[in-house]
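Following: one structure in structure tokens, then a few remarks.
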Amino acid sequence: MTEAAERFFESLPARAPDVLGGLTDGTLQIDLGTDHQTEHWLVRMRPGSVQVSRERGPADAIWYSSAALFDRLISGEAQGVAAVLRNESTFSGNVVLFLVFRRFFPNPPGTRDPRETARRAVGRPV
């Protein structure tokens with residue numbers, strides 16, 4: 001496991017109030033593979049909160065990724081849905097949990113919100 005991934009998972013509880021809202025409620029098991037080893041993370045998501053543990057357990061969804069791909073996801077160099085569609089990672093279970101979890105990943109470097117760009121074009125404050 002990379003240090004960046006460790007920091008990412010440690011940051012989730014503090015970031016959850018800003019990222020998670022609505023009716024998010026479920027457990028996502030994230031399996032990260034390196035060579036012949038798999039590390040497990042259990043992420044319990046509730047509205048505005050996250051609990052993270054390093055275990056396997058009953059989960060509403062399971063997502064498998066290589067550790068290298070996960071490092072690219074947490075740096076914004078790759079996109080989660082695109083990785084699943086390209087079969088670089090696999091997912092089973094409640095797809096809503098995966099779609100919600102991907103909000104924790106940063107946008108690609110250099111990405112700008114089109115609403116900010118439009119506001120600047122018409123001279124309104126951002």
Side-chain angles (χ1 to χ4, degrees):
M1 178 60 51
T2 65
E3 187 176 322
E6 292 272 350
R7 284 194 312 266
F8 173 80
F9 282 109
E10 289 172 2
S11 75
L12 295 183
R15 296 173 52 213
D18 294 331
V19 175
L20 298 179
L23 303 174
T24 304
D25 191 358
T27 303
L28 174 62
Q29 179 177 306
I30 301 170
D31 296 338
L32 302 178
T34 306
D35 296 323
H36 300 290
Q37 294 181 336
T38 301
E39 297 202 21
H40 307 283
W41 294 86
L42 203 58
V43 180
R44 292 178 183 93
M45 294 182 275
R46 307 289 182 262
S49 71
V50 167
Q51 294 175 323
V52 179
S53 63
R54 305 253 341 232
E55 58 188 53
R56 295 175 76 173
D60 301 302
I62 299 173
W63 176 37
Y64 174 81
S65 171
S66 70
L69 172 61
F70 195 78
D71 281 347
R72 292 193 342 260
L73 291 166
I74 62 177
S75 67
E77 296 172 15
Q79 297 297 308
V81 172
V84 170
L85 293 174
R86 285 192 304 266
N87 209 25
E88 293 176 338
S89 66
T90 59
F91 181 82
S92 65
N94 185 346
V95 71
V96 172
L97 295 175
F98 174 69
L99 295 175
V100 168
F101 183 79
R102 71 187 176 119
R103 294 180 194 163
F104 285 105
F105 297 135
N107 290 324
T111 301
R112 289 180 289 177
D113 185 334
R115 294 170 292 193
E116 289 178 23
T117 304
R119 286 183 197 118
R120 286 190 182 120
V122 296
R124 285 194 230 155
V126 179

* Asp31 CG to Ser66 OG distance, which is reported to the nearest 0.5 Å -> 12.5 Å
* Structure fact -> Heavy-atom nearest pair, Leu20 first then Arg46, reads CD1-O, 3.7 Å
* Asked: Looking at CZ of Arg103 and CE of Met45, how far apart are the two atoms once the value is rounded to the nearest 0.5 Å?
  -> 9.5 Å
* At their closest point, which heavy atom of Val52 faces which heavy atom of Pro13, and how far apart are they? -> CG2-CD, 4.4 Å
* Structure fact -> Closest heavy-atom pair, Pro106 versus Gly76, reported as atoms and distance to 0.1 Å, is CG-N, 3.5 Å
* **Arg44/Ser49 under side chain to side chain contact (heavy atoms under 4.5 Å, CB included): CA gap, chis, key distance, verdict** => CA-CA 8 Å; Arg44 292 178 183 93; Ser49 71; over 6 Å; no
* Give the intermediate values and the outcome of side chain to side chain contact (heavy atoms under 4.5 Å, CB included) for residues Thr90 and Ile62. => CA-CA 8 Å; Thr90 59; Ile62 299 173; over 6 Å; no
* Does some side-chain heavy atom of Val100 sit less than 4.5 Å from a side-chain heavy atom of Val19? -> no
* Only one of Trp63, Phe98, Tyr64 clears ring pair (Phe, Tyr, Trp, His ring centres under 6.0 Å) with Phe91; which? -> Phe98
* Looking at residues at least two apart in the chain, or sitting in another chain, which of them share a side-chain hydrogen bond (donor to acceptor under 3.5 Å, both in side chains) with Asp71? -> Thr2
* Asked: Between Arg54 and Glu10, does a salt bridge (Lys or Arg N to Asp or Glu O under 4.0 Å) hold up when you go through it step by step?
  -> CA-CA 11 Å; Arg54 305 253 341 232; Glu10 289 172 2; over 6 Å; no
* To do: Would you please classify the geometry between the Trp41 ring and the Phe9 ring as parallel, tilted or perpendicular, with 30° and 60° separating the classes?
  => parallel
* Asked: For the atom pair CG (Leu28) and CG (Asn94), what is the distance rounded to the nearest 0.5 Å?
  -> 9.5 Å
* Asked: Can you name the residues that form a side-chain hydrogen bond (donor to acceptor under 3.5 Å, both in side chains) with Gln79, not counting sequence neighbours?
  -> none
* Nearest atoms (heavy-atom pairs only) where Asp60 meets Leu97 -> CB-CD1, 3.5 Å
* Structure fact -> Applying side-chain hydrogen bond (donor to acceptor under 3.5 Å, both in side chains) to Gln51 and not counting sequence neighbours gives none
* Structure fact -> Closest non-hydrogen atoms of Leu69 and Ser89, given as atom of the first, atom of the second and distance, are CD2-CB, 3.9 Å
* To do: Using the side chain to side chain contact (heavy atoms under 4.5 Å, CB included) rule, take Phe8 and Arg15 through it: C-alpha gap first, then chi angles, then the decisive distance, then the call.
  => CA-CA 10 Å; Phe8 173 80; Arg15 296 173 52 213; 3.7 Å; yes
* Asked: Would you call the rings of Phe104 and Phe101 parallel, tilted or perpendicular if under 30° counts as parallel and over 60° as perpendicular?
  -> tilted
* Do you know which two heavy atoms are closest between Leu42 and Pro58, and how far apart they sit? -> CD1-O, 4.3 Å
* **Atom CD of Gln37 with >12 non-hydrogen neighbours under 6.0 angstrom** => no
